[in-house]
**Student:** 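Before we start, here is the structure in question, set down as structure tokens.
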Amino acid sequence: MVQKLIEKFKELYGEEGEIRKYFAPGRVNLIGEHTDYNGGHVFPCALTIGTYGVVRSREDRKLRFYSVNFEKLGVIETSLDDLTPSKEAGWTNYPKGVMWAFEKRGMKLSHGLDVLIYGDIPNGSGLSSSASLEVLTGLILKETYGFDVSMVEIALIGQDSENNFNGCNCGIMDQFASAMGKKDNAIFLDTNTLNYEYAPVVLEDAKIVITNSKVKHSLVDSAYNDRRNECEQALKELQKAVDIKTLGDLSEEEFETHKDAVKSEVCRRRAKHAVYENQRAIRAVQALKAGEIAAFGKLMNESHVSLRDDYEVSCEEIDILVDLAWKIPGVIGSRITGGGFGGCTVSIVKNDTVDTFISTVGKAYQEKVGHEAEFYVVEIGDGGHVI
Ligand code: GLA
């Protein structure tokens, strides 16, 4: 596959010069959802699907981008002197945003690049294709220009570009998972301190199955930013009653004691989710380490209920998928994953149930919703790297 990308690269940009290849993965979050901008814990893992980049340095300041996923757009030509976001720039706003964020930190890009991109993350699936493109770009810049930046810094730069160049106020989870992923491990990350720990995902007789609802409701970014604002409002009010820096500082009991400080009922529910979900993520990791997979699955199910009812980031199609999954014996846990309003669910399914799961959920979903879902039995892969 990489060979094909190289051939395409040469066809587009010519044969001569040194060509370098990179990969950065997408991610799936097992538990700890909408906690990463609330000072809580997350537990994502990198996938083996993601974004590939083939790159060559230029002598001038031109940037040429081509995506195999958007062939019709052809080669998009721009320059290092035009690192500003624009509608016309389309997908190239992601790599340009990362370039902008490097330059902002004093890491000046001395010459232009020819770039070819290919991603095998299904479009709009919520498995972090944009974060993988950001981390990929960070890695390309680090290696091409020899900058001394760590992979954690690359994740932070990616988040900065997403927040301040591309206008989505996301947390650090997706970029961190894409940059720092480790084969067969999930990352238990404290988003308040960025302390992290790898936890081997040993499911013995079960697998991780991602189900793509193939719906993505509009206004995702604005609904996401609304949730953030509601949590910030709740935090401000709680801070008048109790000495905390983030919602992640509260235990469930402390939240229950002080929750009336939050005047709006909606903001109170949002904060409740953030507090309880953080504690669930902590407990889930303990359960996984102790080999208590059933307990892990139960926490996943509770996470879904909280995201559906208190945080209100699920949608009809996703709830259908989760309800169907919950009814199947052999499904240990199932929940919405990622930002929400469509996208994917993540389920832990016993090996001998995987086929039944796919056929039963697939058939019933098609009947109820009118289109097919897609299923991916996934492996946990490494973070961004040079190929
Ligand atoms: C999106 C954001 C992440 C995180 C999740 C929800 O994927 O990019 O930062 O907030 O939603 O957990």
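Counting convention: from 1, in listed order, for ligands and their atoms alike.
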**Student:** Mind checking the CG-CG spacing from L247 to L238? Nearest 0.5 Å is all I need.
**Tutor:**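 CG of L238 is found 6.5 Å from CG of L247.
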**Student:** I'd like to know whether R56 forms a salt bridge (charged side-chain N to carboxylate O under 4.0 Å, His left out) with E18, so could you lay out the CA-CA distance, the side-chain angles of the two residues, the decisive distance to 0.1 Å, and finally the verdict.
**Tutor:** CA-CA 6 Å; R56 185 166 59 206; E18 190 206 345; over 6 Å; no
**Student:** Please name all residues satisfying salt bridge (charged side-chain N to carboxylate O under 4.0 Å, His left out) with E197, sequence neighbours left out, ordered by chain then number.
**Tutor:**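 Salt bridge (charged side-chain N to carboxylate O under 4.0 Å, His left out) list for E197, sorted by chain: K289.
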**Student:** Under 3.5 Å, side chain of R227 to main-chain N/O of E312, donor-acceptor pair present?
**Tutor:**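 It does hold such a pair.
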**Student:** Quick check on the 6.0 Å ring-centre criterion: do Y224 and Y37 meet it?
**Tutor:**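 Y224 vs Y37: aromatic centres under 6.0 Å.
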**Student:** Could you check E33, E277, R280 and say which one makes a side chain to side chain donor-acceptor pair (under 3.5 Å) with S306?
**Tutor:**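 Result for side chain to side chain donor-acceptor pair (under 3.5 Å) with S306: R280.
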**Student:** Heavy-atom cut-off of under 4.0 Å around ligand 1: list whichever protein residues fall inside it, by chain and number.
**Tutor:**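 Residues near ligand 1: R27, E33, H34, D36, Y37, C170, G171, M173, D174, Y224, G338, G339.
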